[in-house]
Number of protein chains: 2
Amino acid sequence: MAKDRKIDVVILGLLCHEPLTGYDIKKRIDGGIRFFWKGSFGSIYPALADMEKTGLVRKTMSSKASGSRERIPYEITEQGMKILTSWLEDSKVSNELKYETLLKLFFGEVTDKSVSIKTIENFESQIEQELGLLRMYQKNLYKVLTEEKHIYYYLTVSFGVETYEAYLRWCQMAKKMLE
Amino acid sequence: MAKDRKIDVVILGLLCHEPLTGYDIKKRIDGGIRFFWKGSFGSIYPALADMEKTGLVRKTMSSKASGSRERIPYEITEQGMKILTSWLEDSKVSNELKYETLLKLFFGEVTDKSVSIKTIENFESQIEQELGLLRMYQKNLYKVLTEEKHIYYYLTVSFGVETYEAYLRWCQMAKKMLE
DNA sequence: ATCAGCATGTAAGGCGTTACATGATTCA
DNA sequence: TGAATCATGTAACGCCTTACATGCTGAT
């Protein structure tokens, strides 16, 4: 695996459950994972190609047979599983937040207060919208917690719900303080 | 300003209050701003050079005169102020969170539950430590809220406190759920 | 017929980190 | 004397996004 390219483990993790094409992987990332990690075609396909070369994934046998459309599903190899678990067990993590909203607020003194208030309101409505989605995911996952993997999905979604609720409380406070 | 290089506005924002050297800017970023935006020497010095060329910043007159050490303080120009305020007023923002902790947790089913618990505990202690710092900043800023810019600093710090507290609550819940 | 979605991939270019190179000053 | 901090800058390299190129399928 490339030194610091986390897209590799995202792909490896997704392939644990079932073979997927690059296109499938993109869809999985865009639905749920995107709240804490992103990925584009331009990063997925090259990563898949690299990992096939190094033996972490392989094309499934049905790759060409399935039909006329050229779907190329990949599956994880034993080597790939080793890399994935050793990453999971590695205690080094990089958690990073890059919020332009906070950057703008930090320099809010430069212009009128109303600009900062707009920045906050902007953020607020974006968060409200996404919180709606997260709560829906959360509710649906709660119903199927018996399956073990859903516990993990539930936890990550709950992280989103908890923090987004905290964001909204902060928005209230911040607006009050500026008005 | 380069199309999407936010380090430019970070620098511009910092230069609003006083002339600073690249080294000073790095220190400012590392203390406080780093919670929501980062910057390294390798990005600061080239940005400063570019912005001098495009007239957003300029070297102060005292640049060489101040002493034997080669300190090169920059100040913001009117052009720079224009860029800064138009960025502040622009409602487009990119807020992005990349938490490897959540990624690991999402794929937690792959190995033993204890691995995920360790991942959470790891995160928890990191957050506890930084929360201590944030609360200290918050307390100190609260005392000097009369100065307008401190209100903005206070708000960003409070954002950190609010969310980190939410993280810790989530850690408790998550550990309980896995045990 | 045409548009949206499925599907794979490449190329250019921007952003940013890390490591390196260099050297002065301050303090124990 | 040696370590830490001050201070500026470059070079290599990696990661990722955006846009492009291409073409099929299915629904309206």
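Below, read A as the first sequence line, B as the second, and so on, with proteins coming before strands; counting in each chain starts at 1.
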Any side-chain N or O of B:Thr21 below 4.0 angstrom from OP1/OP2 of D:dT8? yes

Let me know the distance between CD1 of B:Ile72 and P of C:dT22, rounded to the nearest Å. 18 Å

Nearest-angstrom distance from the residue atom CG of A:Asp30 to P of C:dG5: 13 Å

Show me the donor-acceptor pairs within less than 3.5 Å that the side chains of residues 137-145 of chain B make with the rest of the protein, sequence neighbours left out.
residue	atom	partner	partner atom	Å
B:Gln138	NE2	B:Ser158	OG	3.2
B:Asn140	ND2	B:Met136	O	3.4

Separation of D:dT8 atom P from B:Glu52 atom CD, nearest Å, is 13 Å

Once you round it to whole Å, what is the distance between P of C:dA7 and OH of A:Tyr74? 14 Å

Compare side-chain N and O positions of B:Tyr23 against OP1 and OP2 of D:dT8 and report whether any pair is under 4.0 Å apart. no

Minimum-distance nucleotide (side-chain atoms of B:Arg5 versus C:dC15, D:dC15, D:dA7): C:dC15

Counting side-chain heavy atoms from C-beta on, which of D:dA7, D:dC15, C:dG9 comes nearest to A:Asp4? D:dC15

Proximity to DNA chain D (any heavy atom under 4.0 Å), residues of residues 32-44 of chain A only: A:Ser40, A:Gly42, A:Ser43

Rest of the hydrophobic cluster containing A:Tyr23 (Ile/Leu/Val/Met/Phe/Trp/Tyr, side-chain heavy atoms under 4.5 Å)? A:Phe41, A:Tyr45

Closest nucleotide of DNA chain D for B:Pro46 versus for B:Lys27: which of these residues is on the 5' side? B:Lys27

Checking B:Asp30 now: which residues fulfil salt bridge (charged side-chain N to carboxylate O under 4.0 Å, His left out) with it, not counting sequence neighbours? B:Lys26

Selected nucleotide, minimal atom distance to A:Ile7 side chain, candidates D:dC16, C:dC6, D:dT8: D:dC16

Using whole Å, report how far OH of A:Tyr45 lies from P of D:dT22. 17 Å

For the pair made of CD in B:Glu96 and P in C:dC15, what is the distance, rounded to whole Å? 14 Å

To the nearest Å, how far apart are A:Arg71 CZ and C:dA7 C1'? 9 Å

How would you list all residue pairs meeting side chain to side chain donor-acceptor pair (under 3.5 Å) that involve residues 34-43 of chain A, not counting sequence neighbours? none

A:Glu70 side chain: which of C:dT8, D:dA7, D:dG9 is closest? C:dT8

Once you round it to whole Å, what is the distance between C1' of C:dC15 and CD1 of B:Ile11? 13 Å

Are A:Thr119 and A:Asn122 close enough, and set up right, to give a side chain to side chain donor-acceptor pair (under 3.5 Å), and what steps lead you there? CA-CA 5 Å; A:Thr119 300; A:Asn122 209 331; over 6 Å; no

Under the side-chain hydrogen bond (donor to acceptor under 3.5 Å, both in side chains) test, residues paired with A:Glu124 that sit two or more places apart: A:Gln172, A:Lys175

Students often mix this up, so state it plainly: with edges at 30° and 60°, are the rings of A:Phe123 and A:Tyr167 parallel, tilted or perpendicular? tilted

Which nucleotide sits closest to the side chain of B:Lys98: C:dG16, C:dT8, D:dC16? D:dC16

